[in-house]
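Report on the structure given below.
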Amino acid sequence: ELGVALVRQGVPDKVEALRTLLADTGIAAANTACIVDDSSDVPLMKAVGLSVAVADAHPAAIAAADRVTRLTGGRGAVREICDLLVAARGRNP
């Protein structure tokens with residue numbers, strides 16, 4: 001079990017879903033991140049503190065991203081970002 005308590009799937013407006021989650025948790029948007037693969041994710045990317053596009057994402061998502069993974073979606077991209085975040089906190093992945 002991953003222990004993920006807050007999940008929203010199939011929401012029509014990802015930015016509104018983010019705003020609701022932020023209000024419910026008291027977390028600032030600047031302290032959030034998203035990992036995306038599609039052009040429809042660009043508004044969400046602009047609403048978070050760190051936006052990441054996977055290597056095989058839509059070109060619009062790649063252009064809007066703060067960072068682009070070396071690995072593709074479904075092939076280790078999320079692990080790559082998790083390792084990056086853990087390392088940024090001064091821990092070994």
Side-chain angles (χ1 to χ4, degrees):
E1 181 178 315
L2 295 175
V4 178
L6 301 172
V7 176
R8 303 293 184 270
Q9 293 180 315
V11 296
D13 186 339
K14 294 177 184 181
V15 174
E16 183 57 35
L18 172 67
R19 286 187 187 122
T20 300
L21 284 170
L22 296 177
D24 290 349
T25 62
I27 297 171
N31 295 328
T32 64
C34 66
I35 304 171
V36 307
D37 67 352
D38 203 349
S39 60
S40 64
D41 297 318
V42 171
L44 176 65
M45 296 170 78
K46 293 178 179 181
V48 298
L50 173 67
S51 63
V52 181
V54 296
D56 58 339
H58 187 279
I62 289 174
D66 295 315
R67 185 175 185 103
V68 179
T69 63
R70 291 178 295 105
L71 301 171
T72 60
R75 302 278 186 241
V78 171
R79 173 60 189 258
E80 181 181 333
I81 297 306
C82 290
D83 288 348
L84 172 77
L85 294 173
V86 168
R89 294 184 69 133
R91 300 182 184 135
N92 292 327

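The figures that follow rest on heavy atoms only: side chains count, while hydrogens, waters and symmetry mates do not.
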Self-check item: L6 CG to D24 CG distance, which is reported to the nearest 0.5 Å
Solution: 7.5 Å
Quiz item: Which ILVMFWY residues are connected to L50, directly or by a chain of links, through side-chain heavy atoms under 4.5 Å apart?
Solution: I35, V52, V54, V78, I81, L84, L85
Exercise. Using atom types as modelled and distance alone, determine if a side-chain donor or acceptor of T69 lies under 3.5 Å from a backbone N or O of A55.
Key: yes
Quiz item: Counting N and O atoms only, with roles assigned by atom type, does the side chain of D37 sit under 3.5 Å from a partner on the main chain of D56, one being a donor and the other an acceptor?
Solution: no
Quiz item: Could you give the distance from CG (L21) to CD (E16), rounded to the nearest 0.5 Å?
Solution: 10.0 Å
Quiz item: Which distance, rounded to the nearest 0.5 Å, do you find between the CZ of R75 and the CD of E80?
Solution: 14.5 Å
Quiz prompt | Cluster link L18 to V11, ILVMFWY, side chain under 4.5 Å | solution = no
Self-check item: A61 versus V36, closest heavy-atom pair with distance
Solution: CB-CG2, 4.1 Å
Quiz item: Is there a path from V15 to V42 through hydrophobic residues (I, L, V, M, F, W, Y) whose side chains come within less than 4.5 Å of each other?
Solution: no
Quiz item: Hey, is the main chain of C34 close enough, under 3.5 Å, to the side chain of S51 for a donor-acceptor pair?
Solution: no
Exercise. Mind listing the closest non-hydrogen atom pair of A57 and A53 along with its distance?
Key: CB-CB, 4.0 Å
Quiz item: Rounded to the nearest 0.5 Å, how far apart are CG of D13 and CZ of R8?
Solution: 13.5 Å
